[in-house]
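Here's the structure we're looking at; comments come further down.
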There are 2 protein chains.
Amino acid sequence: MTKEPTKAATPTAARADAKGRAPADAAPASNRATRAAERRSAIVEAAMEEFIARGFAATRLDDIARRAGVAKGTIYLHFKDKESMFEELVRTVIVPVVAKLNALPPPTGSVRDLVEAFAGNFLREVIGTRRGDLVRLIVAEGPRFPSVADFYYREVVSRGIAGMRALIELGIARGEIREKNLARYPQILVAPAMIAVIWQSLFARHAPLDAQDMLRVHLDLIFGERRTT
Amino acid sequence: MTKEPTKAATPTAARADAKGRAPADAAPASNRATRAAERRSAIVEAAMEEFIARGFAATRLDDIARRAGVAKGTIYLHFKDKESMFEELVRTVIVPVVAKLNALPPPTGSVRDLVEAFAGNFLREVIGTRRGDLVRLIVAEGPRFPSVADFYYREVVSRGIAGMRALIELGIARGEIREKNLARYPQILVAPAMIAVIWQSLFARHAPLDAQDMLRVHLDLIFGERRTT
DNA sequence: TGACTATGACTGACCAGTCAGTCATAAATG
DNA sequence: CATTTATGACTGACTGGTCAGTCATAGTCA
């Protein structure tokens, strides 16, 4: 364009270096479709990073593009606009989570063990990770993106609540859980975990929180003092 | 502005009507200081409304000014810039809350009653009110405004946690609370309340949550099944 | 297989709109 | 009338979105 139409000299390999970065260009990228998919996921990754760090409104598409090693225009080949990019991004990142939720192990062992394993896993995979930040992001932007909040509720929250409820009812049936009303509010079961997520991102440096240990105490509250040990 | 530059005719009284609203202009406003204070609080009120609705970055100062019934320039007579306005705003709104926290009633009656009264009050005054939205706002913008997060932690969270801990220890001493480790994590006590705040602003229309009732169940968990009734 | 063409993914300069912050002017005050 | 306070038009910087042009790759043909 205006720049230097004479740059026709640009050889094959030089191109990647010409831009700021060479992303995951290790593989020569077989066909177009593959490359496109790679681009897209690079954009998603970069966008998540930026949105988490700055929030929706304050994030610049230029920054996303630079971080993804892509020109700004490329973003618009994959997403309609900033808004729908945000929405699709959340969907994309959430999907694997949903998959995991659906693959709940069959109820074996004590309910307490089940819940402990499940929640322990949750903490490990969410607290202090990108995923945890995503949760905060959804809390932050949800009210301005009803479709995101809806999606998140439908795909994650309602399923999670249902699963928890089933577990609680099992625990009640087996006599492990005394408080029958708990089945009405499975939220109580996960509340400390949610708090831990938020706490970490806001107050960790003032007063770090041992989420794992807090969870143990909370479960003692529900199941009674620690069973064996 | 763009409207009609010829409105130079605007007489004294007409001014208030000229803009969208006439705030608390009933009183002729005695001295300057009073008027200034009124202006300031009108700005704070309007700003809170806008920030809650749109978040920091997406909020326009023009909108705040219009809502406050004030010219944009006036804002800059009270605040250095948008950022420090946000910070001061949070401080201003939080202060009364701190005052209430400090005025905790002396420990009389059962601890359960105390906690129930306290938490009930909390729910009534926070859930579904502007204050609840403010909490969400702090969660949302906190990471980008460390000074706000710090302030909130210092003035509200740490005090609240300390108060809760004292209450829990009292409950343990009196034998009302069995789980001794709870004193290590007062967060557990308030977790459901926090969850309720967030739930209301995100998922209320999908599945309204009876926060009051949920809280009761949670307290049953901590204090054992309902004592008298 | 090697040369030649068609395709469309990709680029980035550009534009139009937006908004935080300023300041010359006007109004109110005492 | 001098001083303090308020106004809102204006500016300059910034950013979401566009599009004419480029070029590596896939496809075609001899």
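Only a predicted model underlies this, so the values are computations on that prediction, with no experimental measurement involved. Order of the sequence lines fixes the chain letters, A, B, ..., with proteins taken first and strands second; residue numbering starts at 1 for each chain.
When the side-chain hydrogen bond (donor to acceptor under 3.5 Å, both in side chains) test is applied to D210(A), no partner is found at least two apart in sequence or on another chain. S84(B) is linked by a side-chain hydrogen bond (donor to acceptor under 3.5 Å, both in side chains) to D81(B), counting only residues two or more places apart in sequence or in another chain. For S41(B), the side-chain hydrogen bond (donor to acceptor under 3.5 Å, both in side chains) criterion is met by no residue, not counting sequence neighbours.
When side chains are defined from C-beta on, V190(A) does not count as touching F118(A), because their heavy atoms never get closer than 4.5 Å.
If you measure from atom CD1 of I64(A) to atom P of dG16(D), you get 8 Å, rounded to the nearest angstrom. F56(A) places its CZ atom 12 Å from the C1' atom of dT15(D), with the value rounded to the nearest Å. Atom CE in M85(B) sits about 14 Å away from atom P in dC19(C), given to the nearest Å. The nearest whole Å value for the distance from the CZ atom in R66(B) to the C1' atom in dC19(C) is 13 Å. Remark: C1' of dC14(D) and CZ of R60(B) are 16 Å apart, rounded to the nearest angstrom. In this structure, F86(A) atom CZ and dG16(D) atom P are separated by 14 Å, rounded to whole Å. The CG atom of L61(B) sits 16 Å away from the C1' atom of dC10(D) (whole-angstrom rounding). Distance, D63(B) CG to dA20(C) C1': 13 Å, rounded to whole Å.
The stretch residues 70-79 of chain A comes close to DNA chain D through K72(A), Y76(A), each having a heavy atom under 4.0 Å from the strand.
For residues 189-206 of chain B, every residue pair satisfying the salt bridge (Lys or Arg N to Asp or Glu O under 4.0 Å) rule, not counting sequence neighbours, is listed here: D150(A)-R205(B). Listed by first then second residue, pairs satisfying salt bridge (Lys or Arg N to Asp or Glu O under 4.0 Å) with a partner in residues 124-133 of chain B read E49(B)-R130(B), K100(B)-E125(B), E125(B)-R131(B), R130(B)-D133(B), not counting sequence neighbours.
Under 4.0 angstrom from either OP1 or OP2 of dT7(D) there lies at least one side-chain N or O belonging to R39(B).
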